[in-house]
Structures are given as structure tokens and as C-alpha cells.
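Reading through the C-alpha cells given below for one structure.
Numbers here simply count residues along the sequence, with the first being 1. No hydrogens, no waters, no symmetry mates; every other heavy atom, side chains included, goes into these values. Each ligand, and each atom within it, is numbered from 1 in the order the structure gives.
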Amino acid sequence: MTLTAAAQTTSLDLGPARALSCRECGHETPLAAEFACPECFGPLEVAYDFPAVTRESIQAGPQSIWRYRDLLPVPSDVQSHPNTEPGMTRLIKADRLAAALGVRSLWVKDDTGNPTHSFKDRVVAVALAAARELGFTVLCCPSTGNLANAVAAAAARAGWDSVVLIPSSLEKAKVLTTAVYGGTLLAVDGNYDDVNRLATELAAEHEEWAFVNVNVRPYYAEGSKTLGYEVAEQLGWRLPEQIVVPIASGSQLTKVDKGFTEFGKLGLVDATPYKVFGAQATGCSPVAKAFEDGHDVVQPVRPDTIARSLAIGNPADGPYVLDAVRRTGGAIGHVSDDEVRDGIQLLARTEGVFAETAGGVTVATAKKLIEAGKIDPDAETVLLITGDGLKTLDAVADRVGPTATVASSSKAVKEALAGRG
Ligand SMILES: *Cc1c(COP(=O)(O)O)cnc(C)c1O
Ligand SMILES: [Zn+2]
């Protein structure tokens with residue numbers, strides 16, 4: 001519960017954000033760099049007084065998440081400060097994947113198109129804008145990889161120092177694609193949950209350090225709403241009937257749900273019913289397990305999966321994920337590492353989209369939930385593809401390669417093609 005000097009002044013401009021409110025007891029506290037309720041230690045989230053927002057006012061905005069700035073906890077002049085411009089990634093009609101999965105209408109939201117190639121650019125852009133207003137000067141995070149990329153890049157663009165903590169076992173590509181932006185990168189001996197604990201300690205010791213997903217988490221988390229907003233806008237201002245979201249901490253899933261609900265309440269879409277489905281890797285599936293067992297609390301696990309970007313064994317938003325999934329009538333599934341690889345290849349071969357392991361989790365889990373009759377094959381479904389396959393090449397490195405190596409003659413090609421049957 002760090003309070004910076006700036007945070008104590010009353011002149012904060014965080015747009016439509018009115019206060020922080022406790023997700024457990026509802027207690028409201030003034031906007032500040034706080035993340036735990038002073039009454040009950042429950043997690044805080046942003047409460048708003050939204051201005052009048054119309055489809056037209058949104059469409060008149062930029063081709064980035066800042067078109068939704070009137071619905072985000074960011075200063076009204078957010079665009080005048082250097083930041084990344086994530087969002088408005090493509091939503092593609094995935095007919096070939098739909099046929100392969102046996103469903104009628106399927107869309108892929110391709111968030112590999114963000115500045116550092118994952119959806120984390122959305123949350124970091126919002127966190128940076130809020131952190132600047134709250135008086136911070138250093139952008140920090142504990143990360144399973146994609147967040148590290150996004151924080152280091154956003155800090156570089158803003159001219160801020162960054163401090164990024166990662167488990168030392170992280171994929172080489174994600175280390176490199178963080179380090180290239182400069183800043184301080186600390187590889188910590190331990191898993192993500194150890195790294196996260198260390199970050200919480202450091203946040204309390206360094207007043208000027210904004211750990212995007214720790215001490216400014218309430219603001220950061222709101223960035224994920226833009227995924228829900230965009231899907232609805234890109235579908236022609238309506239909600240899908242079903243959506244499949246990968247789960248790490250669970251924040252994204254709860255905010256996609258919040259985004260859909262807000263759009264309905266604001267009259268931007270008809271508030272039609274929708275179901276939210278969650279996807280995990282079996283090697284780190286504490287939320288799926290709690291769902292299956294009918295529990296409200298999530299029992300932490302020690303992650304062991306190739307889907308490292310989802311490998312959070314003690315997911316902070318687990319209980320809220322269970323609420324959202326149960327309330328909307330969805331389900332949560334999980335898949336083995338081999339199924340994750342199958343999912344990556346299926347998406348690439350049917351739609352030309354190369355996803356990282358988290359995308360493989362989403363596709364493979366969708367397949368399983370369809371086969372199990374949980375996802376309705378006749379209802380429209382959106383799959384969130386949240387990260388780029390170039391970051392996790394190892395996942396499929398043993399499975400794909402040249403069809404043949406041939407001499408540079410048409411005869412050799414002919415022979416190779418014949419040999420292929
Ligand atoms: C972080 C991450 C997620 C999930 O995020 P949470 O909000 O923590 O559940 C999903 N996909 C990718 C690629 C990620 O990096
Ligand atoms: Zn509380």
C-alpha cells in the first residue's frame with residue numbers, strides 16, 4: 001500500500017475513475033497507488049463515473065485502446081504523453097478453424113498484433129498512464145515473460161527506467177526480447193510465485209517504483225477491458241454468445257466480462273447473454289480444478305507446463321474467475337502440453353496465425369469444451385489469442401521443419417514431392 005507524494009494530492013486526473021472500491025466488502029477509498037482494502041485487505045478495483053459515451057465518440061478516437069479512454073482510469077490528455085499504442089488488433093472470421101472444430105461461427109481475436117506481440121501491451125499502457133499521474137518514475141513488474149517485454153518497451157518509449165523481475169528459467173526468446181529495450185532485468189532463482197513475492201517486498205521499499213501488476217494493479221487490470229470492448233465493437237456493436245479466455249492470474253478473464261457488461265450498461269450494445277469460458281494448461285490448472293470440484297477457493301499448485309506465460313500457481317483473481325464463469329454459464333477446461341502444441345499447429349494451419357503456447361491452450365481447450373458439449377457448436381464463439389508464436393519457438397521446434405532438403409533441380413523437387421506421397 002505505497003502512497004507517493006503525488007498520490008496524496010487531490011488534483012489527480014484519472015479520467016472517469018472516481019475511487020477505488022473493495023471487491024470483497026465494497027468499501028471505497030480515494031484514488032491512490034493502493035491495491036488492498038484498508039478495511040479487509042480484499043483487492044481494490046477502480047470505480048467510475050462514466051461520461052456520456054456513444055459509438056460515434058468512440059469511433060472518432062484513434063486506432064488504439066485510447067479510443068476507449070473515457071472508460072479507462074487514465075488522464076484525459078493520455079495521448080499527449082509518449083506511450084505504446086496497443087489495441088485495435090484484428091478480429092478474424094475463422095471459417096477454416098470453425099470447420100476443423102465442428103462449430104458454425106468462430107472468430108479469432110489476434111492480439112499478437114500489439115507492439116510487443118501480446119495482450120500485455122494493453123494493461124501496461126494503462127498502468128504507465130496512471131503511474132505517471134500517481135507520481136511514479138520507474139516502471140516495474142514481476143513477469144512470466146510477456147509482461148516483461150511490454151514493461152521494458154513502454155518504459156523505453158516513455159524515457160523511464162524499468163526494473164523487470166523474471167524467473168531465471170524463462171524462455172530465451174522472452175529474456176532477449178525484454179533485455180533489448182534496456183532497463184534493469186533481474187533473473188531470479190525461483191518460480192513466478194517466488195518472483196511475485198519479491199516484487200511485493202520491493203514495492204513497499206521503493207516509493208518511486210510502480211510495479212504495474214502489484215501496487216498499481218487496480219489501474220493495470222482495467223486495460224484488459226479493452227479486449228472485451230474491441231471484440232464487441234468489431235462484431236458490429238454486439239456481444240458474442242461465447243468467448244474463450246486463457247487464465248494466468250485470471251485478471252484478463254474477469255475484465256473481458258466487465259467490458260461486456262459495461263458496454264451493455266452504457267447502451268453501446270444490447271445486453272444479450274454471453275458465456276465466458278476459461279482455458280488452462282493441465283500442468284498449471286488450479287482454477288480449472290476448483291471449477292470441476294465446485295469449490296469457491298483456488299488451491300495453489302506448483303506449475304509444470306510449456307505454457308509459461310500462464311504458469312501462475314497461485315492466481316490472484318481465481319475466485320473472481322469462478323464467479324464470472326459460473327454466473328454466465330460457461331466452463332473452464334485444461335489441456336496437456338501435447339494438446340497445446342496441437343492447438344498451436346491447428347490454428348497456424350487453418351488460419352495462418354502463429355500463436356504462442358497460451359494461444360495453443362485456448363484453441364485446444366476450446367476443442368475439448370466443444371467435444372464435451374460445454375461450448376455450443378451452433379452459437380457464435382470468439383477465441384482470444386493473446387501472444388505470438390515467435391516467443392515460444394521451442395514448443396513446436398521438434399514438430400515442424402522443411403518438407404525435404406533438395407538439390408536445386410526440378411527433378412529433385414519432383415522426386416521429393418513423389419516421395420511425400
Ligand atoms: C499474461 C497472459 C495471459 C493471462 O493473463 P491474466 O490476466 O494474468 O490471466 C494470457 N495470455 C498471455 C499470452 C499472457 O501473457
Ligand atoms: Zn474490503
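The closest approach between a heavy atom of P246 and any atom of ligand 1 is below 4.0 Å.
Residue T386 touches ligand 1 through backbone and side chain together, judged by heavy-atom distances below 4.0 Å. The proximity of A358 to ligand 1, defined as any non-hydrogen pair under 4.0 Å, is limited to the side chain. Neither the backbone nor the side chain of L253 has a heavy atom within less than 4.0 Å of ligand 1.
Of all protein heavy atoms, the one closest to atom 8 (O) of ligand 1 is S249 OG, 2.6 Å. Closest to atom 2 (C) of ligand 1 among all protein heavy atoms lies K120 NZ, 2.4 Å. Of the protein's heavy atoms, Q252 N, 2.8 Å lies nearest to atom 7 (O) of ligand 1.
Checked by distance only, ligand 1 and S118 stay at 3.5 Å or farther apart across all their nitrogen or oxygen atoms. Considering backbone and side-chain atoms together, N146 places an N or O closer than 3.5 Å to an N or O of ligand 1.
Take the Zn ion (ligand 2) as the corner point: the lines to SG of C25 and to SG of C40 open at 120°, to the nearest 10 degrees.
Under the 3.5 Å distance criterion, with hydrogens and angles disregarded, no donor-acceptor pair is assigned to the side chains of T392 and E356. If you check the side chains of H117 and T112, you find no donor sitting under 3.5 Å from an acceptor. At a cut-off of 3.5 Å, with distance as the only test, no side-chain donor of D111 or T386 sits close to an acceptor on the other residue. With hydrogens and angles left out, the side-chain atoms of Y192 and S309 include no donor and acceptor closer than 3.5 Å.
Classified by interplanar angle (parallel below 30°, tilted 30° to 60°, perpendicular above 60°), the ring pair H206/W209 is parallel.
The distance from ligand 1 to the heavy atoms of G250 drops below 4.0 Å at these ligand atoms: 6 (P), 8 (O), 9 (O). Counting the atoms of ligand 1 from 1 in the order shown, those under 4.0 Å from a heavy atom of S251 are 6 (P), 7 (O), 9 (O). Heavy-atom contacts of E356 reach the following atoms of ligand 1: 13 (C) (cutoff under 4.0 Å).
For the pair Y181 and N149, the tightest heavy-atom approach, listed with the atom from each and the gap, is CE1-O, 3.8 Å.
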Query - Stepwise side-chain hydrogen bond (donor to acceptor under 3.5 Å, both in side chains) test for S57 and D70 - result: CA-CA 10 Å; S57 69; D70 289 343; 5.2 Å; no

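Not one N, O or S atom of H27 sits under 2.8 Å from the Zn ion (ligand 2).
Screening L128, V126, L147 for a side chain to side chain contact (heavy atoms under 4.5 Å, CB included) involving V212 leaves a single residue, L147.
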Would you give me the side-chain donor-acceptor pairs under 3.5 Å for residues 226-240, sequence neighbours excluded?
from	atom 1	to	atom 2	distance (Å)
T226	OG1	R122	NH1	3.0
T226	OG1	G223	O	2.7
Y229	OH	K225	NZ	3.1
Y229	OH	E262	OE1	2.4
E230	OE1	M88	N	2.9
E230	OE1	T89	N	3.4
E230	OE1	K109	NZ	2.7
E230	OE1	R122	NH2	2.9
E230	OE2	M88	N	2.7
E230	OE2	R122	NH1	2.8
E233	OE1	R67	NE	3.2
E233	OE1	Y68	OH	2.6
E233	OE2	R67	NH2	2.6
Q234	OE1	K109	NZ	2.8
Q234	NE2	T89	O	2.8
R238	NE	L235	O	3.2
R238	NH1	E380	OE1	2.7
R238	NH2	E380	OE1	3.4
R238	NH2	E380	OE2	3.1

